Amino acid sequence: MASAVLSPCGSASLARRRHQAGLTPWRLRVLPVCASTEIELSRWLARTPWQGGVPRAVVARRQTHGQGQWGRRWQSPAGGVWLSAALPWSADHGAPGLLGLAVALALAERLERMGLPVAIKWPNDLLIGEDKLAGVLPRMVHRGGRLRLARVGVGLNVCNPVPDGAVALRQWLPLGRCDPEAWTAELLLALDRSVALAASPQAVCQGVEGRIWTRTVRDPSGSGVWEVEGLSADGSLRLRQGTRTSSWTRWPAEPAADL
């Protein structure tokens with residue numbers, strides 16, 4: 001297992017840009033294959049307790065048991081970016097939903113720089129059209145009632161094969177722009193950006209609302225269709241159905257045992 005304090009991907013040019021921008025280097029572990037980067041990050045945090053400051057990330061070329069929403073399996077063959085990160089995070093912005101949206105917005109911004117028409121599907125997916133390009137799993141870790149760190153898992157389809165209902169960057173970009181290592185660097189820069197974005201929850205909500213995938217959602221309990229009114233500062237989805245209003249929230253806090 002490789003472990004080092006690096007700028008993303010060890011790129012000399014990127015290291016220079018990060019130094020010039022005053023950005024903190026990342027502590028990275030890059031694996032050829034693992035069951036799950038989430039599991040590997042938990043083990044790393046258990047062996048070397050979090051002290052704050054320097055963010056960490058586990059990156060795998062391939063996962064055999066990648067984790068998606070609700071514990072579903074996320075297909076993660078070689079060619080994509082499969083990453084789990086631990087980030088220093090302010091307790092003033094400790095809602096997991098806000099973390100997830102800040103990461104989704106920051107990644108959407110970097111994808112848009114390549115001309116990609118990305119939409120954000122609340123609470124954790126990035127889409128092109130109706131097909132899933134990336135997923136974000138946010139968690140806040142507390143101990144003794146105090147926020148310790150933010151955790152986020154991200155899967156991004158780059159040049160890997162994808163199942164029905166998904167899309168990869170190779171279907172939209174020239175082959176020369178579909179290097180998983182380069183997109184790992186882009187993702188780490190997006191995570192840097194998400195920390196800054198979270199200082200302004202209103203700006204995060206406005207950015208996501210401008211990219212939101214749909215203006216109506218169907219209630220899974222069978223209560224019909226709701227209109228999306230917007231987002232609250234904690235990342236919850238505000239809904240209206242005639243004179244009725246509702247708010248959907250997701251993402252519980254992470255138990256201290258995972259530290």
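Small disclaimer: the values here were computed from a predicted structure and weren't measured.
Of the possible polar contacts, one joining the Asn157 side chain to the Val167 backbone as a donor-acceptor pair under 3.5 Å is found. Without hydrogens or angle criteria, Arg170 side chain to Asn160 main chain gives a donor-acceptor distance under 3.5 Å. Proximity of a side-chain donor or acceptor of Trp50 to a complementary backbone N or O of Leu149 within less than 3.5 Å is not detected. Using modelled atom types, one side-chain atom of Gln241 and one backbone atom of Val225 make a donor-acceptor pair closer than 3.5 Å. The backbone N or O of Ala106 lies less than 3.5 Å from no partner atom in the side chain of Arg110, so there is not a single donor-acceptor pair. A donor-acceptor contact shorter than 3.5 Å is absent between the side chain of Glu40 and the backbone of Val58. Under the 3.5 Å distance criterion, the side-chain polar atoms of Glu130 are left unmatched by any main-chain donor or acceptor of Gly165. Distance alone, capped at 3.5 Å, is enough to place a donor-acceptor pair between the Ser90 side chain and the Asp92 backbone. Between the side chain of Ser223 and the backbone N or O of Asp219 there is no donor-acceptor pair closer than 3.5 Å.
At least one side-chain heavy atom of Leu111 sits under 4.5 Å from a side-chain heavy atom of Leu169. Within the 4.5 Å cutoff, the side chain of Thr216 has no heavy atoms near those of the Trp226 side chain. Between Trp183 and Cys159, every side-chain heavy-atom pair lies at or beyond the 4.5 Å cut-off. Taking 4.5 Å as the limit, every side-chain heavy atom of Val118 sits out of range of all side-chain heavy atoms of Leu127. Contact annotation: the side chain of Thr214 never approaches that of Lys121 to less than 4.5 Å [non-hydrogen atoms, C-beta and beyond]. Counting heavy atoms from C-beta outward, Val136 and Leu101 have side chains that stay 4.5 Å or more apart. Inter-residue side-chain proximity for Gln63 and Val33 is flagged as unmet; no heavy-atom pair is nearer than 4.5 Å. Contact annotation: the side chain of Leu137 never approaches that of Val152 to less than 4.5 Å [non-hydrogen atoms, C-beta and beyond].
We find the OG-CG distance between Ser194 and Leu189 to be 11.0 Å, quoted to the nearest 0.5 Å. In this structure, CZ in Arg56 is found 8.0 Å from CG in Leu41, a value given to the nearest 0.5 Å. Within the model, atoms CG of Leu237 and OG1 of Thr249 stand 9.0 Å from one another, a figure rounded to the nearest 0.5 Å. Note that CG of Leu83 is 6.5 Å distant from CG of Leu191, once rounded to the nearest 0.5 Å. Of the inter-residue distances, the one linking Trp122 atom CH2 with Arg250 atom CZ reads 4.5 Å to the nearest 0.5 angstrom. Here the CG-CD1 distance, from Leu126 to Ile120, works out to 5.5 Å after rounding to the nearest 0.5 Å.
For CH2 of Trp172, the number of neighbouring non-hydrogen atoms (other residues, nucleotides, ligands) closer than 6.0 Å is 12 at most. Heavy-atom contacts from other residues, nucleotides or ligands closer than 6.0 Å to CD of Gln171 number more than 12.
Heavy atoms only, all atoms of each residue included: Pro77 and Arg62 are closest at CA-CG, 4.0 Å. Smallest separation of non-hydrogen atoms from Ala168 and Val162: CB-CG1, 4.0 Å. For the residue pair Pro201 and Ala233, the shortest heavy atom distance occurs at CB-O, 3.9 Å. Closest of all the heavy-atom pairs between Leu105 and Ala203 is CD2-O, 4.3 Å. Among all heavy-atom pairs drawn from Leu87 and Pro55, the shortest one is CD2-CB, 4.0 Å. Closest of all the heavy-atom pairs between Pro88 and Gly53 is CG-O, 3.6 Å.
In this structure, Arg240 pairs ionically with Glu229, as a charged nitrogen and a carboxylate oxygen lie closer than 4.0 Å. Contact check on Arg193 versus Glu109 returns a salt bridge, with a Lys/Arg side-chain nitrogen under 4.0 Å from an Asp/Glu carboxylate oxygen. Look at Arg139 and Glu38 and you find a salt bridge, because one of the NZ, NE, NH1 or NH2 atoms lies within 4.0 Å of a carboxylate O, short of that distance.
Because its NZ or CZ atom is both nearer than 6.0 Å to the ring centre of Trp44 and within 45° of the ring axis, Arg29 counts as a cation-pi partner of that residue.
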Decide yes or no on side chain to side chain contact (heavy atoms under 4.5 Å, CB included) for Val228 and Val217, but give the supporting numbers first.
-> CA-CA 7 Å; Val228 176; Val217 293; 4.1 Å; yes
Determine, stepwise, if the pair Leu173 / Leu116 fulfils side chain to side chain contact (heavy atoms under 4.5 Å, CB included).
-> CA-CA 8 Å; Leu173 295 176; Leu116 295 168; 4.0 Å; yes
Under the side chain to side chain contact (heavy atoms under 4.5 Å, CB included) criterion, do Val54 and Trp26 qualify, and how do the steps go?
-> CA-CA 6 Å; Val54 179; Trp26 280 76; 5.9 Å; no
Which is it for Arg113 and Glu186 under the salt bridge (charged side-chain N to carboxylate O under 4.0 Å, His left out) test, yes or no, and what are the steps along the way?
-> CA-CA 11 Å; Arg113 289 159 59 99; Glu186 290 290 331; 5.0 Å; no
For Met140 and Arg151, run side chain to side chain contact (heavy atoms under 4.5 Å, CB included): C-alpha distance rounded to whole Å, both residues' side-chain angles, the deciding distance at 0.1 Å, then the answer.
-> CA-CA 6 Å; Met140 292 296 183; Arg151 285 185 56 161; over 6 Å; no
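In the model, Trp213 has no side-chain atom that pairs as donor or acceptor with a side-chain atom of Asp125 under 3.5 Å.
Hydrophobic clustering, with ILVMFWY side chains joined whenever heavy atoms are under 4.5 angstrom apart, groups Met114 together with Val154.
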